[in-house]
Every structure is written in C-alpha cells, then in structure tokens.
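Everything below concerns the one structure shown next.
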Protein chains: 2
Amino acid sequence: MSLNAREEILATAKLVAQAHGYAGLNFRDLAEQVGIKAASIYYYFPSKADLAAAVAKRYWEDSAAYLDGLLRDSASPLDALRQYPKTFRWALENDNRICLCSFMSAQFDDVPEAVRVEVQTFADVNIEWLKKTIIAAKVATPRQADKRARAIYSGIVGAQLVARSRNDIALYDGLIESYRSTGLLPA
Amino acid sequence: MSLNAREEILATAKLVAQAHGYAGLNFRDLAEQVGIKAASIYYYFPSKADLAAAVAKRYWEDSAAYLDGLLRDSASPLDALRQYPKTFRWALENDNRICLCSFMSAQFDDVPEAVRVEVQTFADVNIEWLKKTIIAAKVATPRQADKRARAIYSGIVGAQLVARSRNDIALYDGLIESYRSTGLLPA
DNA sequence: ACCTGAACACCGTTCAAGT
DNA sequence: ACCTGAACACCGTTCAAGT
C-alpha cells in the first residue's frame, strides 16, 4: 500500500488540483493528507510550480498510456472512439472532479509557464490520439481529421465542465448523446 | 465617465473574476483598481460571497438583455443563432478572458451556494435563449431543442476554454467552424 | 452616507537548521 | 537523505473613528 512520499504527494496533489485547481492546491492540507509537514514537500519539489508541473506531466503520461492501450485492446478504432468520452466521465464519477488540464486552462493567467507546457501537452496527446483514431475509423478524412479531433476534444471538455456546474453526471451523458446525434461524435 | 463606487466595484470585479476566478478575486487588489480601500468595499457588499453573487447576477442579467436584443434586431432567428458564438468570443478578445460562469463552474467546490445559483442562472438563460431561437429557426424540433441547446452551449463553453489555454482566438474560430461543419451548429 | 487605518485570525510559502 | 520550526507575506474581515 504505502508508496514513497514523492509518489503519495503526486497522487494526492492530482486529486486536489482536479477539485480546486492550481490556486486551491495548498501545501498544508496536501501535507496533512500525505502525513508529513508542509515544509517537507519542498524536499521533493522545489516550488509549487515544480510540483504542479510534475503532476500535470504525470497526468498526460498516464492518459497517453491509457489511450494507447484502449486503441490496442479495442475491437476496432471506431469502438475505441466510442469509449473515449468515458475517460472524461471518470473524473466526474470521482466526487465531481474535472480534468486537471481544464481547470488549469481556466486559471491560465495564474499558472506558471512550466505548468502550462504540461497542461498543453495533455491536450496535444488527446487530440493526436483522436486524430489518428478518427482516421483509422474512417470517421473523417486525413484532411479533416485535425479539425474534427479538436472539435471533439473541446466539446467533451465543455460537457464535463457544464456537468460539474450542476454536479450531475446524467447531464454529461446527455450532452455526449447529443454530440452523437448531431454528428460531432460518431453514432 | 465616473460611475458610482458600487458600479465600479461590480464592473472591476467582473473583469477580475473572468481572468482569475472566485479564488483570485481579492479585496485589496480590487479596491486598488477602483481607487478605494479594501475595507470600503464592505460598505457596499457585506462579504465576498455577496459581492460575487451580485457580480454573477449582473452578468446574467446583461447577457439576457443582450440576447433579447440580438434576437429582436436580427434579420431572422437563424441569423441570431449565427451571431451567438460571437458573444463568447468577446471575452477572449478582452485579454484572453473567459465566461465568468465557466470559471466559477470549474471552481464549483469553492464557490458559495449563493454564487452558484447566479452562475447556474447564466447557463439557464443562455440555454433557454438557444432553445427558443433554435425552434424559431427550425434548426431542431421543439422536442429536440432542449438537448440541442445544451449541446451547443457546452460546445461553445469548451471551445472558449480550449482557446484560452493557448491564448489563441483563431483556435476558437476554428472550433466554431468545426461545430458548423459537423452539424452541432447550423451552417 | 461614505470612507479608512489599524488590527485580528488565519493560511500559503519559504528557508535555515535539525536529525 | 529526509524532515521541520518559525518567520514572512498575504487575505478576508471587523470596527472605531474620520469626513
């Protein structure tokens, strides 16, 4: 069970950031959850910016690994594409959290550059995966795939945010369904 | 030029909240921008929650008034619908800000209930307007209009957030264009 | 009515110093 | 290597006092 302190800090900070964002990520509460003192976090991460950047980096790495597995293990690219909205549903299932990167995108003005880079990489990873999966599934032509991938990503990001504002997962499901019936997502 | 202090506080707080959210709204900086002292704000608003609720209320009231005018003054409901994405573009044009209600939706866990109510009313106002305009424009049947209105709203919210994360208005325009070509928005 | 200085309790951040 | 006490800066809020 017990991971090393650094891993526990990363895992806990991720959950905090998904619920309270960068500004809401505070070292005293975080340290208490991990079972150390706030100052001890600075042994592992030289600053809040470094911690947040490490959290966001781990976040997109995990996402990239999951998406690769999803595409590999699905019956077809179209099937993988149909599963994609679930990855954003999990955060909502987890106490109405949202994507760490959506939260930090909102807080763009207050997030250090080193964190922004990792946040943007999360979006890049997702859009690239959508793009190649869309092409493989013949949902769009290679020419249209980039724009389509971006539209799907931003649509899902919006649906997750709107669902959070009502603490209502059914609302998320309904929005995804609407995206399917209007043609943004494949049926 | 010079409004009364209460109005100046409201107007300034709106801009701060669109850039830094509820957590980033602090009385000392706000007061400095208005040209008074932090303690003076309490003469007009008994607490931060009251100020934020007043700001959010004014925000949806202004939005409702604008949308009513847009529908009234447009050549057709379809034309009004085509103009709708511009209302979310303005925030981005204004130093990469976003909708106050999107920001506070992200901060759901940390926003007082009185503020949440006003934030939700903004979404309600927008969705209701979209719904009736969609019906009038025959973009969707009355039966489908509610789901379609919600999908359009969340799609645009997501596009605005994604564009902010790159400080790139052209990205917003591209996403809206994709929503049109995939069928979420009318062409 | 309208505004402020000064203070309070609290909290996030930092770093020199401990083991 | 790993951790912390203590100081610092800042914030929301209060209130007696000023005009």
Any Lys/Arg nitrogen of B:Glu7 or B:Arg58 sitting under 4.0 Å from an Asp/Glu carboxylate oxygen of the other? yes

Not counting sequence neighbours, which residues clear side chain to side chain donor-acceptor pair (under 3.5 Å) with A:Gln144? List them please. A:Thr141

What residues, two or more places apart in sequence or in another chain, satisfy ring-ring contact (aromatic ring centres under 6.0 Å, His included) together with B:Tyr66? B:Trp90

Helical stems, DNA chain C - three or more consecutive Watson-Crick or G-U wobble pairs below 3.5 Å: C:4-8 with D:12-16, C:12-16 with D:4-8

Give the intermediate values and the outcome of salt bridge (charged side-chain N to carboxylate O under 4.0 Å, His left out) for residues B:Lys132 and B:Glu128. CA-CA 6 Å; B:Lys132 74 179 175 191; B:Glu128 278 307 306; over 6 Å; no

By the salt bridge (charged side-chain N to carboxylate O under 4.0 Å, His left out) test, which pairs, at least two apart or in different chains, include something from residues 13-26 of chain A? none

Taken to the nearest whole Å, CG/A:Asn4 to P/D:dA1 is 15 Å

Nucleotide by nucleotide, 5' to 3', does protein get under 4.0 Å of the base (B), only the sugar-phosphate (S), or neither (-) in nucleotides 13-19 of chain C, counting heavy atoms? BBB----

List the residues meeting ring-ring contact (aromatic ring centres under 6.0 Å, His included) with A:Phe108, not counting sequence neighbours, and say none if there are none. none

Interface residues of residues 104-117 of chain B with DNA chain C (non-hydrogen, below 4.0 angstrom): none

My understanding is that only residues two or more places apart in sequence, or in another chain, count here; which of them pass ring-ring contact (aromatic ring centres under 6.0 Å, His included) with B:Tyr59? B:Phe122

How far, in whole Å, is D:dA17 from C:dC2 if one measures between their P atoms? 22 Å

N/O donor to acceptor pairs below 3.5 angstrom from side-chain atoms of residues 44-55 of chain A, sequence neighbours left out:
unit_1, atom_1, unit_2, atom_2, d
A:Ser47, OG, A:Ala49, N, 3.3
A:Ser47, OG, A:Asp50, N, 3.2
A:Ser47, OG, A:Asp50, OD2, 2.7
A:Lys48, NZ, A:Tyr22, O, 2.8
A:Lys48, NZ, A:Leu25, O, 3.0

Here the side chain to side chain donor-acceptor pair (under 3.5 Å) pairs for residues 177-187 of chain B, sequence neighbours left out, are A:Lys147-B:Glu177, A:Ser154-B:Tyr179

Whole angstrom is fine here: how far is it from CD1 in A:Ile36 over to C1' in D:dC2? 10 Å

Quick check on D:dC3: is either OP1 or OP2 less than 4.0 Å from any side-chain nitrogen or oxygen of A:Tyr43? no

In short, side chain to side chain donor-acceptor pair (under 3.5 Å) pairs touching residues 69-78 of chain B with sequence neighbours left out are none

Closest listed nucleotide, where the reference is the side chain of A:Lys37 and the choices are D:dT4, C:dC3, D:dC3: D:dT4

Hey, could you give me each pair passing salt bridge (charged side-chain N to carboxylate O under 4.0 Å, His left out) that has a residue in residues 101-111 of chain A? Not counting sequence neighbours. A:Asp109-B:Arg164

